[in-house]
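First up is the structure itself, then whatever we jot down about it.
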Amino acid sequence: MQMYDTLTYPFQLPDLDYPLGVLEPHIEARTMEIHHGKHHAGYVAKLNAALEHYPDLQSKTLTDLLRDYTSLPEEIKKAVINNGGGHANHTLFWQVMSPDGGGDPSGSLAEMINETFGGFSSFKEAFASEAATVFGSGWAWLSLDQDGKDLHVGHTPNQNSPLLENHIPLLGIDVWEHAYYLQYQNKRADYIEAWWNVVNWDKVAELYNEPARS
Ligand code: MN3
């Protein structure tokens, strides 16, 4: 059971679990305010608008809408990919950040990261490299592969969710300019470096340890 499995139409903008300014100095309150209150809210509104006249799709979870996107009506497919992806990606993004974040992962997630990438610093390098080299707008991800066992680092363009490839996203960084431009301008690398200080590894481990992976 992942966090998108309980989300259905009409979709709602989730509240943040923390005040806007608590991720400072790494991410400023003004960026959080616009990012959550305008950008994320916009994806939710457009996703609802796309599904408004499709009652048979309104009972589908966000997970199923994205995983089964090939079966969506052609006229709303792109809108669901973009805005459903935007809703899923940002819902995760707020939760994998915390004012108590940073540091290293622990437990079975840490063991798997070491096994897969040859150590935490090698993982960070690979992930940051994906984030730095996304051309234009997109996301870098740590996800579980289709079998739910193997960890994978990669990136997606635009608001494409790893769910489109049947991957389970565990950790994602938004590298759209709206995520950092007010504070970091064109210095995406500085934003990525600062972002590690707010990563909520407890939440990432919780997602990794979710028992039901279908
Ligand atoms: Mn964003």
Side-chain angles (χ1 to χ4, degrees), residues 2-4 7 11-50 62-63 65-66 69 78-99 101-102 127-143 153-165 167-200 203-204 207:
Q2 294 282 329
M3 63 179 75
Y4 328 97
L7 304 179
F11 295 96
Q12 291 183 324
L13 180 67
D15 291 332
L16 296 174
D17 292 335
Y18 40 78
L20 292 169
V22 293
L23 302 181
E24 293 183 354
H26 310 295
I27 302 179
E28 289 176 351
R30 179 78 175 137
T31 294
M32 290 295 292
E33 182 183 6
I34 296 170
H35 198 176
H36 176 258
K38 303 294 183 193
H39 291 280
H40 188 174
Y43 299 124
V44 171
K46 287 177 187 161
L47 176 60
N48 286 333
L62 188 53
T63 308
L65 287 168
L66 292 170
Y69 73 97
K78 198 67 192 167
V80 172
I81 289 171
N82 289 342
N83 298 294
H87 183 32
N89 295 343
H90 289 86
T91 297
L92 177 79
F93 189 57
W94 313 129
Q95 293 193 31
V96 295
M97 297 191 293
S98 162
F127 184 96
S129 170
E130 291 285 346
T133 56
V134 173
F135 183 74
S137 298
W139 293 72
W141 300 101
L142 172 68
S143 54
V153 160
H155 70 269
T156 57
N158 305 311
Q159 291 295 352
N160 286 16
S161 164
L163 293 167
L164 299 175
E165 300 162 38
H167 285 193
I168 297 170
L170 303 178
L171 176 67
I173 182 172
D174 187 343
V175 295
W176 283 57
E177 285 187 344
H178 70 224
Y180 64 89
Y181 204 87
L182 276 179
Q183 188 176 351
Y184 294 96
Q185 291 78 50
N186 61 321
K187 297 185 284 277
R188 187 194 285 184
D190 291 359
Y191 157 65
I192 296 166
E193 187 61 32
W195 180 79
W196 291 115
N197 294 299
V198 298
V199 171
N200 181 355
K203 184 65 191 182
V204 180
L207 295 171

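Atoms within a ligand are numbered from 1 in the order they appear, just like the ligands themselves. Values in this document were obtained by computation on a predicted structure and should not be read as measured data. The first residue of the sequence shown is numbered 1, and numbering continues consecutively from there.
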If only atom types and distance count, is the side chain of H26 paired as donor or acceptor with the main-chain N or O of W196 below 3.5 Å? no

Which atom, among the N/O/S set of D174, is closest to the Mn ion (ligand 1)? OD2

Identify the heavy atoms of L142 and F127 that sit nearest to each other, and give their distance. N-CE1, 3.5 Å

Counting backbone and side-chain atoms alike, is an N, O or S atom of H39 positioned under 2.8 Å from the Mn ion (ligand 1)? no

Checking only N/O/S atoms, does H178 have one that is under 2.8 Å from the Mn ion (ligand 1)? yes

Aromatic centroids of F93 and W139 separated by under 6.0 Å: yes

In this structure, are over 12 heavy atoms from other groups packed under 6.0 Å from Q12 atom CD? no

